[in-house]
Each structure stands twice: as C-alpha cells, then as structure tokens.
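Contents: one structure, followed by commentary.
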Amino acid sequence: MELSDRFEQALSWAMSLHGGQKRKLTGVPYIGHLLRVCGTVMEYSGDEDEVIAALLHDALEDQNRPGLADEIAERFGSGVLHIIKQCSDREESPPPPWRQRKEAFLERLKTADASVRLVTAADKLDNVRSLTTSYRVWGDRVWEHFRGGKEGTLWYYREVVRVLCHASENALILELESAVRELESPAAGPAA
C-alpha cells in the first residue's frame, strides 16, 4: 500500500488534535496509542482510509467540538468519517452512562463493516496490552481508573472479542482474544 499526502496530513492533524493529551494511567503522550493502532492497521493490510481512521479514531470521542465531523469528512473523506463514527462510543456531551455506551457500541459492532472491525480490533488490542502492563505495575488499583471497574472492563473486552469472532476469525481478532485472556489471568490474582 502506498500512502499519499493525505496520510501525512492526517498524522499532522492527529498531533494537533491530541498533542497535549496523555494516557490515562501512565501519562505517556496519547499520540503513541494512535500510532500503535495505526501501525497495527497497516500490519493487517488496511487501506489508506482505514489507516487514517486509525490515527483519528478517538477524535470525536476525545476532542469533539462543533463542526469536527464535517471537518474530518472534508479533509479525509466520508469513508474515514464513517469508520471513526462507528468506532466511537460517544459524541454527545455529556456522554451517556458507561454501561449504556458500551452496550450500544457492542450492538453497532455486530453489524459493522470490515473496516470498522479492523480499526476497532487494533484499538482494543492496544488498550488491552496497555492495561495489562499497568496492572502488572499497580495491581488492583488500576481498576479505580476505569468507570466499569474490574468486572465491567473485563466484561466489555470479552464482549468485543465475542462480537468480533462472530463476524470473522482472523489473526488480529485471535491476537486480541489472546491479549484479553492474558489480562484476565493477572487480573484474577495479585500483581507479581
């Protein structure tokens, strides 16, 4: 796959949107998450729209402002906007309660197209890996930073895997399933 200047523009724009944002537990610049998700989508043969959507997948959730969706469509096309919207579990402010948002997202994921499933799987894989690493450092205190707590967060990731596996089993989804099992394993006992 050849990347055009659209990708460069998306990379620059992602940095301007998320440049000051930090990851929830570690304080690491958020752009690292976006780059890992983007890299995973590339690894699994994503096209340029999917790669750009991976870079911008959290724009509507984290940086939403009036006109942002229109600006995404204008800059990168309606295909990119479609993927981002379908990967988002909230656009409105204030957002609905956590469980309600997650259940609505899972319901949408059941009928999502392959592009949305690809970006979602890459995003959740990075989130689960980061959470597993944080759990090893902080133990059960890590769950205090998640609205769903331990039980809700594990339920959510299990359900994402179940829904994705129902649509299609591929190497990325199997990798995500393995990462969720790994997260459940240390989460079941004390941190080492």
Is Ile83 linked to Val163 within one hydrophobic cluster, defined over Ile, Leu, Val, Met, Phe, Trp and Tyr using a side-chain heavy-atom separation of less than 4.5 Å?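 Result: yes, single cluster for both.
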Please tell me whether Leu118 and Leu3 are part of a single hydrophobic cluster in this structure, the criterion being side-chain heavy atoms less than 4.5 Å apart.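 Yes; tracing contacts between hydrophobic side chains, which count when under 4.5 Å, links both residues.
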Less than 4.5 Å apart, side chain to side chain, heavy atoms only: is that true for [X] and [Y]?
X      : Y      : answer
Gln9   : Arg75  : no
Asp123 : Cys87  : no
Glu103 : Gln100 : no
Ile72  : Leu60  : yes
Leu56  : Leu34  : no

[X] side-chain N/O to [Y] backbone N/O, donor-acceptor pair under 3.5 Å:
X      : Y      : result
Ser134 : Ser130 : yes
Asn170 : Ile173 : yes
Arg117 : Thr111 : no
Arg101 : Pro96  : yes

Do the side chains of Glu144 and Lys150 get close enough for a salt bridge, i.e. N-O under 4.0 angstrom?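 Salt bridge: no.
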Can you list every ring pair (Phe, Tyr, Trp, His ring centres under 6.0 Å) pair that touches residues 42-61, not counting sequence neighbours?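 As it turns out, the ring pair (Phe, Tyr, Trp, His ring centres under 6.0 Å) pairs with a partner in residues 42-61, which skip direct neighbours, are His33-His57.
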Please list, chain by chain and in numerical order, all residues satisfying side chain to side chain donor-acceptor pair (under 3.5 Å) with Arg141, sequence neighbours excluded.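 Counting only residues at least two positions away or on another chain, Arg141 forms no side chain to side chain donor-acceptor pair (under 3.5 Å).
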Counterpart residues, side chain to side chain donor-acceptor pair (under 3.5 Å), relative to Glu159 (two or more places apart):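 Testing Glu159 for side chain to side chain donor-acceptor pair (under 3.5 Å), a comparison that skips the adjacent residues, returns Arg162.
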Closest non-hydrogen atom pair between Ala179 and Leu125, with its separation: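 Reported closest heavy-atom pair: CB-CD1, 3.7 Å.
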Where do Ser45 and Glu50 come nearest, in terms of heavy atoms and distance?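 Heavy-atom minimum between the residues: O-OE1, 4.4 Å.
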Distance-only donor-acceptor check, side chains Glu182 and Thr132, under 3.5 Å: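 Not at all, the side chains of Glu182 and Thr132 share no donor-acceptor pair under 3.5 Å.
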Would you check, one step at a time, whether the test side chain to side chain contact (heavy atoms under 4.5 Å, CB included) holds for Leu176 with Tyr157? CA-CA 9 Å; Leu176 173 59; Tyr157 285 122; 5.6 Å; no
Would you say [atom1] of [X] has more than 12 non-hydrogen atoms from neighbouring residues, nucleotides or ligands within 6.0 angstrom?
X      : atom1 : value
Glu71  : CD    : yes
His145 : NE2   : yes
Arg147 : CZ    : no

What do the steps show when you test Arg181 against Glu184 for side chain to side chain contact (heavy atoms under 4.5 Å, CB included), and what is the final call? CA-CA 5 Å; Arg181 275 198 310 273; Glu184 289 175 305; 4.1 Å; yes
Got a sec, which residues hit ring pair (Phe, Tyr, Trp, His ring centres under 6.0 Å) with His18, two or more places apart in sequence or on another chain?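 Result, ring pair (Phe, Tyr, Trp, His ring centres under 6.0 Å) vs His18: Tyr30.
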Taking ring pair (Phe, Tyr, Trp, His ring centres under 6.0 Å) as the definition, give me every residue that meets it alongside Phe76, ordered by chain and number, with sequence neighbours left out.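 Result, ring pair (Phe, Tyr, Trp, His ring centres under 6.0 Å) vs Phe76: Trp13.
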Should the pair Lys102 and Phe146 be classed as cation-pi, given the thresholds of under 6.0 Å to the six-membered ring centre and 45° from the axis?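 Not flagged: Lys102 not positioned over aromatic ring of Phe146.
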Pairs touching residues 28-49 that satisfy salt bridge (Lys or Arg N to Asp or Glu O under 4.0 Å), sequence neighbours left out: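 Listed by first then second residue: Arg6-Glu48, Arg6-Asp49, Arg36-Asp126.
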